[in-house]
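Within every chain, numbering begins at 1; the chains are lettered A, B, ... in the order of the sequence lines, protein sequences first and strands thereafter.
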There are 2 protein chains.
Amino acid sequence: MEIRDALPDDWPRIYPFFAAIVDGGATYAYPADHTLESARSLWMDEPPGSTVVATSEDGQILGSAKMGPNRPGRGSHIATASFMVDPAHQGRGVGAALGAYAVSWARAQGYVGMQFNAVVETNVVAVRLWQRLGFTIMTTIPEAFDHRTRGLVGLHVMYQKF
Amino acid sequence: MEIRDALPDDWPRIYPFFAAIVDGGATYAYPADHTLESARSLWMDEPPGSTVVATSEDGQILGSAKMGPNRPGRGSHIATASFMVDPAHQGRGVGAALGAYAVSWARAQGYVGMQFNAVVETNVVAVRLWQRLGFTIMTTIPEAFDHRTRGLVGLHVMYQKF
């Protein structure tokens, strides 16, 4: 597995699993009416942010992550990040590799911590992964996410100081 | 005092205190390089959000608030809001009136709660006001705000279920 900067031409290969994950309704609060073009700016970050892809040896895109400042201006010293692994390639460490990459990237860029604003509490695989990477659940906003099959569930705010 | 929807022509009268408050560096993480035009879309919300102004009997704008969904898609049932009171008109209940208005608006729109994502912990007047309006400090992200005079201070996540 290799992790590299996402190129504009990668987006049409990312969007199918972005769409599948958003439409799955279990992990992300993105607009429901996304299209290939409308969703591009939601995922393909501009500097100071960055979007990367994890690729297999034969060049397949296995997953993607975006990272950058959590807030502009006087909040821009704390990073945030988002992750999507193609469901067809789950279970082989892509999320863990992207998570470790994002933390390393943010440290190298001089951020003093990383905050996840909205981790769905029922996404226990992700929650445990972030905990292993050093993140703590700071609070849970109850019923803040309308899960497609489980109804209203909480959103964790997770944080790690570097 | 009256609270009414903000009109496009109100923006040039809001921007001077928006700019003074952002540049004051004590309460908001907005981009530092704002201009009259670049900041317009940061404050003048489109539906489903709303921006209002509080006006005096002689038509002066005393303060402004914006409110709407805290997240898109599956998080859009929780509201958020932001408030700015012209420093020249502080201490006469403008913030309290705008806060009460925002909560009433969100209830009437059918939101099930309201979340503030980044209340600067040293902004104790605001923190106490939101607590009186029913909000609870859910957590504090340490050192997440670079206060102009106090250095790194925490950002509260505050929440109220309706």
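Using a 4.5 Å heavy-atom threshold, the side chains of His77(A) and Asp146(B) count as touching. Between Ile141(A) and Asn70(B), the closest side-chain pair of non-hydrogen atoms is not below 4.5 Å. Here the side chains of Met138(B) and Met138(A) are not in contact, with every heavy-atom distance at 4.5 Å or above.
Contact annotation for Asn117(B): both backbone and side-chain heavy atoms come within less than 4.5 Å of a heavy atom of chain A. Contact annotation for Tyr159(B): only side-chain heavy atoms (C-beta onward) come within less than 4.5 Å of a heavy atom of chain A. Of the atoms belonging to His34(B), not a single heavy atom falls under 4.5 Å from chain A. Contacts of Thr140(A) with chain B are made by backbone atoms alone, with heavy-atom separations under 4.5 Å and no side-chain atom involved.
Residues Leu129(A) and Tyr101(A) are members of one and the same hydrophobic cluster, defined by side-chain heavy-atom contacts under 4.5 angstrom among Ile, Leu, Val, Met, Phe, Trp and Tyr. Taken together through direct or relayed side-chain contacts under 4.5 Å among Ile, Leu, Val, Met, Phe, Trp and Tyr, Tyr28(B) and Val120(B) form parts of separate hydrophobic clusters. Residues Val153(B) and Phe162(A) do not share a hydrophobic cluster, clusters being chains of Ile/Leu/Val/Met/Phe/Trp/Tyr side chains in contact below 4.5 Å. Side-chain heavy atoms closer than 4.5 Å link hydrophobic residues (I, L, V, M, F, W, Y) into clusters, and following such links, possibly through other members, connects Leu36(A) to Met84(A). Phe145(B) and Phe135(B) fall into different hydrophobic clusters, where Ile, Leu, Val, Met, Phe, Trp and Tyr side chains are chained together by heavy-atom contacts under 4.5 Å.
Comparing Ser76(B), Gly113(B), Pro142(B) by how many heavy-atom pairs each has under 4.5 Å with chain A, the most go to Pro142(B). The candidate from Asp33(B), Val157(B), Ile78(B) with the greatest count of non-hydrogen atom pairs under 4.5 Å with chain A is Ile78(B). With chain B as the partner, the residue from Gly73(A), Ala118(A), Ala144(A) showing the most heavy-atom pairs under 4.5 Å is Ala144(A).
Each of Gln115(A), Arg74(A), Arg71(A) was scored for a side-chain contact (heavy atoms from CB on, under 4.5 Å) with Leu155(B), with one residue passing: Arg71(A).
Shown here for Ala29(B) and Gly75(A), the closest heavy-atom pair between the two residues is CB-N, 3.6 Å.
Within 6.0 Å of CD in Glu46(A) there are 12 or fewer heavy atoms belonging to other residues, nucleotides or ligands. Taking a 6.0 Å sphere around CZ of Arg128(B), one finds it holds 12 or fewer heavy atoms contributed by other residues, nucleotides or ligands.
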